[in-house]
Amino acid sequence: MSEQVLVVNSGSSSIKYQLIDMASEQALATGIVERIGLEVGRAKHEGLDGETVLERHVADHEEGMAIVLSLFAEHGPQIDESRLVAVGHRIVQGGSVFAGPALVDETVQQQIADLSPLAPLHNPAHVAGLTAARHAFPNTPHVAVFDTSFHQTMPPAAYTYAIDRDLADRYAIRRYGAHGTSHKFVSRHTAELLGKDPAEVNVIVLHLGNGASASAVQGGRCIDTSMGLTPLAGLVMGSRSGDIDPAVLFHLSREAGMTTDDLDNLLNRRSGMLGLSGHTDMRDVHDAVAAGDERARTALEVYYHRLRTYVGAYYAHLGHVDAIAFTAGIGENDDIVRENSMAGLEHLGIVLDLERNAGRKKTDTLISTDDSPVKVFVVPTNEELEIARESVALVTASQD
Ligand code: ADP
């Protein structure tokens with residue numbers, strides 16, 4: 001009988017889940033419980049008998065997880081605990097503590113809680129989700145898979161900020177990166193597409209979703225990434241600014257009287273494409289450009305410029321680049337962004353084939369010309385599958 005993994009991603013007011021069959025590596029069921037703690041909660045489960053939607057108050061993550069169990073029981077597939085190898089949990093921040101996945105016990109759960117100052121919105125929610133899931137599946141190993149782990153191989157030169165060392169040490173301030181599970185999955189898969197071992201290839205991964213990050217992967221190891229202490233740094237995103245001169249904050253604080261919370265809200269929720277164009281979703285930005293909106297056009301130029309800056313920097317650090325991989329919502333679907341962000345990089349050996357690039361890509365696709373020295377791919381990411389694979393590998397290794 002084929003093994004299964006339940007992958008859980010708990011947010012502050014939601015629990016997303018997938019039951020993955022490890023033989024086929026396909027999702028048998030997916031779902032979400034959202035609006036936890038609000039007046040009316042909502043659950044959506046896609047299982048054997050199609051989609052089920054439920055609306056009712058969901059007090060907390062314990063109740064949310066109980067609903068997940070009942071949805072599986074009522075609408076299938078049945079979760080057979082003897083086939084369930086692991087429950088794999090996505091954890092945003094593992095700090096310098098977790099360079100790989102960890103079997104969850106009280107100590108690990110406490111370490112995740114202790115890292116909350118570095119991810120105040122995420123880690124407390126993960127702990128609530130872990131507690132509820134461990135109650136729901138007391139006899140199954142739970143594995144924590146961290147968004148930051150893949151980036152732990154960065155050298156100090158890449159992760160150290162040029163500020164007072166003692167202060168940085170005291171408050172654990174350094175670059176941790178994010179989206180690591182995706183960067184790992186995509187970079188390895190890109191090596192497979194090249195017919196090579198990950199240890200033999202250098203890849204630049206461009207994870208472009210609402211949140212966006214780039215990474216430089218040398219021989220399978222991350223040597224630099226664009227997100228920083230938090231997922232605010234780096235590329236222009238849907239509503240996040242990415243890189244900005246920190247003095248802008250002093251200036252706005254002094255001149256506009258903005259508080260720390262105002263500034264946090266500005267850079268995390270009202271900047272990026274939203275701040276520049278009034279639209280978060282890239283499709284809306286393109287529509288605005290088509291309608292002649294100059295701000296939207298400039299917003300895209302800023303987006304492309306920043307992306308090229310990172311490609312150039314990582315090219316310099318890697319020395320030799322075998323491939324560039326586009327992934328996530330924009331990377332997979334937006335041929336305009338792919339074309340324009342790579343335009344002008346032919347002198348670096350990056351030559352797109354515009355016919356191959358055209359359209360949305362649901363599967364791995366080569367979008368560079370046959371003689372482009374750097375191969376460019378679209379590689380759909382699958383963070384849930386990567387979490388499931390890592391969970392099985394860890395549980396299997398721990399039983400040997
Ligand atoms: P996240 O997981 O970070 O929330 P996603 O990876 O789902 O984000 O990406 C979401 C973004 O992908 C949307 O905001 C939208 O801009 C973009 N996107 C999705 N589908 C398309 C499409 N068909 N064409 C262009 N952009 C798209």
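By convention here, the first residue in the shown sequence is residue 1. These values consider heavy atoms only, across backbone and side chains, with no hydrogens, waters or symmetry-generated copies. Order of listing sets the numbers, starting from 1, for every ligand and every atom in it.
Side-chain atoms of H45 and Y17 include a donor-acceptor pair closer than 3.5 Å. H207 and H183 share no donor-acceptor pair across their side chains, judged by distance under 3.5 Å alone. Checked by atom type, the side-chain pair H179/D147 shows no donor-acceptor distance below 3.5 Å. A donor atom on one side chain and an acceptor atom on the other are not found under 3.5 Å apart for T259 and D261.
Shown in contact with A328 at under 4.0 Å from a heavy atom are these atoms of ligand 1, numbered in order with element: 6 (O). Distances below 4.0 Å separate heavy atoms of R360 from the following atoms of ligand 1: 23 (N). Near G211, the atoms of ligand 1 lying under 4.0 angstrom from a non-hydrogen atom of the residue are 3 (O). Distances below 4.0 Å separate heavy atoms of M282 from the following atoms of ligand 1: 15 (C), 16 (O).
The nearest protein heavy atom to atom 23 (N) of ligand 1 is closer than 4.0 Å.
Ring geometry for F185 against H189 counts as parallel: the plane angle stays under 30°, on a 0 to 90° scale with 60° as the upper cut.
When hydrogens are left out, the protein atom nearest atom 21 (C) of ligand 1 is N333 CB, 3.4 Å; that is the closest non-hydrogen contact. Atom 6 (O) of ligand 1 has G329 N, 2.9 Å as its closest protein atom, hydrogens excluded (heavy atom only). Among all non-hydrogen protein atoms, the one lying nearest atom 26 (N) of ligand 1 is R283 CG, 3.7 Å. The protein heavy atom nearest to atom 17 (C) of ligand 1 is I330 CG1, 3.4 Å.
Geometrically, ligand 1 and G209 share no nitrogen or oxygen pair separated by less than 3.5 Å. Residue N210 places at least one N or O, backbone or side chain, under 3.5 Å from an N or O of ligand 1.
Counting only non-hydrogen atoms, the option in V285, T280, T381, D281 that gets closest to atom 15 (C) of ligand 1 is D281.
Cation-pi check for R175 over Y159 is not met; the charged atom does not lie both under 6.0 angstrom from the ring centroid and within 45 degrees of its normal.
Partner of L352 under the side-chain contact (heavy atoms from CB on, under 4.5 Å) criterion, out of L345, N357, T369: N357 alone. Tested against P101, the residues H89, E390, R389 include a single side-chain contact (heavy atoms from CB on, under 4.5 Å) partner, E390.
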